[in-house]
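So that the names make sense, note that chain A is the first sequence line, chain B the second, and so on, each numbered from 1.
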2 protein chains.
Amino acid sequence: MAVTIKDVAKRAGVNASTVSRVIKDSSEISEKTKAKVRKAMQDLGYRRNAAAQILASGKSNTIGVVFPPVTDKASQPFFMKILTSINETAREYDISVAIATGHSTWELKKQVELQYSEKRVDGFIVLYAGKSDEVRTYLLDHKVPFVLVGTPLERQNEITHVDNDNMLLGREAVRHLVELNHQNISFVTNTLEGEVFAERYQGFKDETKRLGLSRGALLMDRDFSVTDETALVVLDDVLALKVVERLSSQGLRVPEDISLVTYNNSIFGSIIHPYLTTFDINIEQLGAAAVRKILDLRDAQQQLPEKTIIPFELIVRESTKVRA
Amino acid sequence: MAVTIKDVAKRAGVNASTVSRVIKDSSEISEKTKAKVRKAMQDLGYRRNAAAQILASGKSNTIGVVFPPVTDKASQPFFMKILTSINETAREYDISVAIATGHSTWELKKQVELQYSEKRVDGFIVLYAGKSDEVRTYLLDHKVPFVLVGTPLERQNEITHVDNDNMLLGREAVRHLVELNHQNISFVTNTLEGEVFAERYQGFKDETKRLGLSRGALLMDRDFSVTDETALVVLDDVLALKVVERLSSQGLRVPEDISLVTYNNSIFGSIIHPYLTTFDINIEQLGAAAVRKILDLRDAQQQLPEKTIIPFELIVRESTKVRA
DNA sequence: CTGAAAGCGCTTACAG
DNA sequence: CTGAAAGCGCTTACAG
């Protein structure tokens, strides 16, 4: 059958345990022996058997990625992008990725529990934050290592998480618009829930207040309309598309009549004109940082929960301009 | 540590091998013994150790899902949707899912090779079709079980694949428009490559020809414009958004002046008006069928490559109307 | 229908 | 620096 450690050992004229040590590049082994063994591995085309290694070592070297329970939400480009980034970073550390998806938190919890109890994974990266749910409760209760992408609304102090600074994101949007000479600025949202809205809006309010420009939030619903605004901060790209359309039906053009800055830099922002001025939230780094954190947690190099802030970048495109 | 098969055996007063047989619900074991053993498993909270099972059985019970090499492409909703569907179907069969992502076919091939040679996966589902590449060559050359989602352009006869009937999809689009009394219909594309374009366009041509309405394809580029068309068939949702915009800038409104039918029923089609009339290609079923096929292949219940056709459904929304 | 035993391919104290 | 041995937790012929 396949080439095993024993075959390599025989060919190299050493013991199997030595081969094992060479595989993990143990500093105990002399360079000479290492070279000899590596040559034998080469010659034979040796590949480790993952299952055997996991069983013997007790480490799965696999992390589970938990998607949000709503399938619709999961089809946003964000998730595929971060999954790619997680997978690539994991590979650098020779770690595999398993996934948990489902239509409800109950299903998700079942999967998470199964994967962990069958020792398929060493820990999890959870791709949704906000309020606590069954999944998180399970992880916390059973002291399973995990990191959250986003900011938890509860027990924030006990959860290692990775996120952008959404408050700052709120403030910076205002700053950009004010630099373009805008004064009458509103924040547009289609939800009042979730930590993303809460924090971006808070940042928006803080900054407008600081500048003496205080305004409220506009809810994007049937009755949405603007009054004297010359600029808007919109919660995300997809919503921004709808806002542009609505404004247009009210005879307002972006950016000629009204400027608009939004978030996420997803593909939605650059399909049709005006291409959207948007904050890139650096999904690649979010994913990479999440992987590093979960590995730290697993190896207990760091036990205290901490928050990692990922920088963002303003992408100026067509939806904002200087107020005349 | 964790509860093992031995603990269960002791508690149930049987041999470990009997417990193992109960786990896989072997017909050799009496119902009485099964009940006894199951009770013991319950009491002890037994969970199998996945790695041990894989090592001993030689089956990983995991399938690898290979994403296309371009990250941009991978962020289309299609991929996350099918991944979800694959994962859910796999779960029904007690199968895990591993993923392979990368920026180049070379990276992808490296991963695929690694996963297979380390015996992490039993086979693969490849999420992109078209021309052959390193990945597919590797799989074919090494006789690795795999199924393609989409239609291969080469060696089609040797590859098990799952796809919609794109030719029929082309014809049906014409049919829908003709039913609405349209006669001057063109096909709009932004690429001349790929089997999706080739087949949908072929179907379009066949049907228009049959009806004596023959027209060519319009390439969506800088110079795009229509002449006497009253209806268009557009290659996909995202392109359709751009087409609507371009038409609008030429003073043509959809569907008042020109009808438009497109494909994929992605989220892009229902963000802004006109919501697009589109064919739902049934991604869930594509994923589910792919899983079943790869399991069949693995278990060699069926060795001959075959094509599985997944049905589609026309979703009529706002972008098509009866020609006055 | 059930048990005893060997084995899957690694890792890791323990010795030297 | 290297080897011999036990063990990780299962599965699966082989016997009876």
Side-chain angles (χ1 to χ4, degrees), chain A residues 1-38 40-41 44-62 94 96 114-120 122 299, chain B residues 1-38 40-41 44-62 94 96 114-120 122 299:
Chain A
M1 287 274 310
V3 179
T4 74
I5 220 178
K6 279 187 183 172
D7 303 319
V8 175
K10 190 181 295 175
R11 171 144 189 150
V14 299
N15 187 277
S17 55
T18 301
V19 176
S20 175
R21 293 191 183 100
V22 173
I23 289 172
K24 59 184 210 193
D25 201 14
S26 162
S27 60
E28 292 178 307
I29 304 292
S30 72
E31 284 307 321
K32 209 165 138 191
T33 305
K34 280 187 185 172
K36 200 169 53 179
V37 171
R38 285 186 180 129
M41 296 200 299
L44 264 31
Y46 170 77
R47 295 293 201 169
R48 69 174 171 192
N49 180 303
Q53 193 179 53
I54 293 169
L55 178 59
S57 72
K59 273 187 171 190
S60 75
N61 283 321
T62 302
D94 200 18
S96 298
L114 199 67
Q115 291 182 353
Y116 193 69
S117 64
E118 292 188 346
K119 307 221 185 315
R120 288 181 183 278
D122 297 328
D299 301 336
Chain B
M1 287 274 311
V3 179
T4 74
I5 221 179
K6 281 189 183 171
D7 302 320
V8 175
K10 190 181 295 175
R11 172 143 190 151
V14 298
N15 187 278
S17 54
T18 301
V19 176
S20 174
R21 292 189 183 101
V22 173
I23 288 171
K24 60 184 209 190
D25 201 14
S26 162
S27 60
E28 293 177 304
I29 305 292
S30 74
E31 284 307 320
K32 208 164 137 191
T33 304
K34 281 187 184 172
K36 200 168 55 181
V37 172
R38 287 187 179 129
M41 295 200 300
L44 264 31
Y46 169 78
R47 295 294 198 168
R48 70 175 171 190
N49 179 304
Q53 193 178 54
I54 293 170
L55 178 60
S57 71
K59 276 187 169 190
S60 74
N61 284 321
T62 302
D94 200 18
S96 297
L114 198 68
Q115 291 182 354
Y116 193 69
S117 63
E118 292 187 346
K119 306 220 185 316
R120 289 180 182 277
D122 297 328
D299 302 337

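Of the inter-residue distances, the one linking A:Glu28 atom CD with A:Thr33 atom OG1 reads 12.0 Å to the nearest 0.5 angstrom. Taking OG1 from A:Thr18 and NZ from A:Lys36, the interatomic distance works out to 8.5 Å, rounded to the nearest 0.5 Å.
Panel note: side chain B:Ser96, backbone B:Thr62; no donor-acceptor pair is recorded below 3.5 Å.
The interatomic distance linking A:Ile23 (CD1) with D:dT2 (P) rounds to 15 Å, in whole Å. Atom-to-atom, CG of B:Asn49 to P of C:dC8 comes out at 18 Å; the value is rounded to the nearest Å. Regarding B:Glu31, its CD atom lies at a distance of 9 Å from the P atom of C:dC1, rounded to whole Å. Rounded to an integer number of Å, the gap from A:Asn61 CG to C:dT11 C1' is 13 Å. Atom NZ in A:Lys6 sits roughly 8 Å away from atom C1' in C:dG9 (whole-Å rounding). Between the CD1 atom of A:Ile5 and the P atom of D:dG3 there is a distance of 12 Å, given to the nearest Å. Atom CD in B:Gln53 sits roughly 10 Å away from atom C1' in D:dG9 (whole-Å rounding). Going from atom NZ of B:Lys59 over to atom C1' of C:dG9 covers 20 Å, rounded to whole Å.
The side chain of A:Ala56 lies closest to C:dG9 when the candidates are D:dT11, C:dG3, C:dG9. When the nucleotides C:dT2, D:dT2, C:dA13 are ranked by their closest atom to the side chain of A:Ser30, D:dT2 comes out on top. Of the candidate nucleotides C:dC10, C:dG9, C:dG3, C:dC10 has the atom nearest to the side chain of A:Tyr46. Counting only heavy atoms from C-beta on, A:Asn15 has its side chain closest to D:dA4 among C:dT2, D:dA4, C:dC10.
Applying the 3.5 Å distance criterion, the base of D:dG9 shares no donor-acceptor pair with the side chain of B:Arg47.
Considering only heavy atoms from C-beta on, A:Ile23 comes within 4.5 Å of A:Met41 through its side chain.
In this model, the phosphate group of C:dG9 is not approached by any side-chain N or O of B:Lys119 to a distance below 4.0 Å at OP1 or OP2. Contact between the side-chain N/O atoms of B:Lys34 and the OP1/OP2 oxygens of C:dC1 is not found at any separation under 4.0 Å.
Backbone-only contact: A:Arg48 has heavy atoms under 4.0 Å from sugar-phosphate atoms and none from a base. Among the atoms of the strands shown, none is found under 4.0 Å from any heavy atom of B:Val19. Counting non-hydrogen atoms under 4.0 angstrom, A:Ser17 reaches a base of the nucleic acid. Within the 4.0 angstrom heavy-atom criterion, base atoms lie near A:Ser20.
Between B:Arg47 and A:Glu118 no salt bridge is recorded (no basic side-chain N to carboxylate O distance below 4.0 Å). Under a 4.0 Å N-O distance rule, the pair B:Asp94/B:Lys24 does not qualify as a salt bridge.
Each of B:Thr33 and B:Leu55 was assigned the nucleotide of DNA chain C with the nearest heavy atom; the assignment lying further toward the 5' end belongs to B:Thr33. Both B:Glu28 and B:Ala52 lie near DNA chain D, and the one whose nearest nucleotide falls closer to the 5' end is B:Ala52.
Base pairing of C:dC14 is made with D:dG3, judged by Watson-Crick or G-U wobble geometry with both donor-acceptor distances under 3.5 Å.
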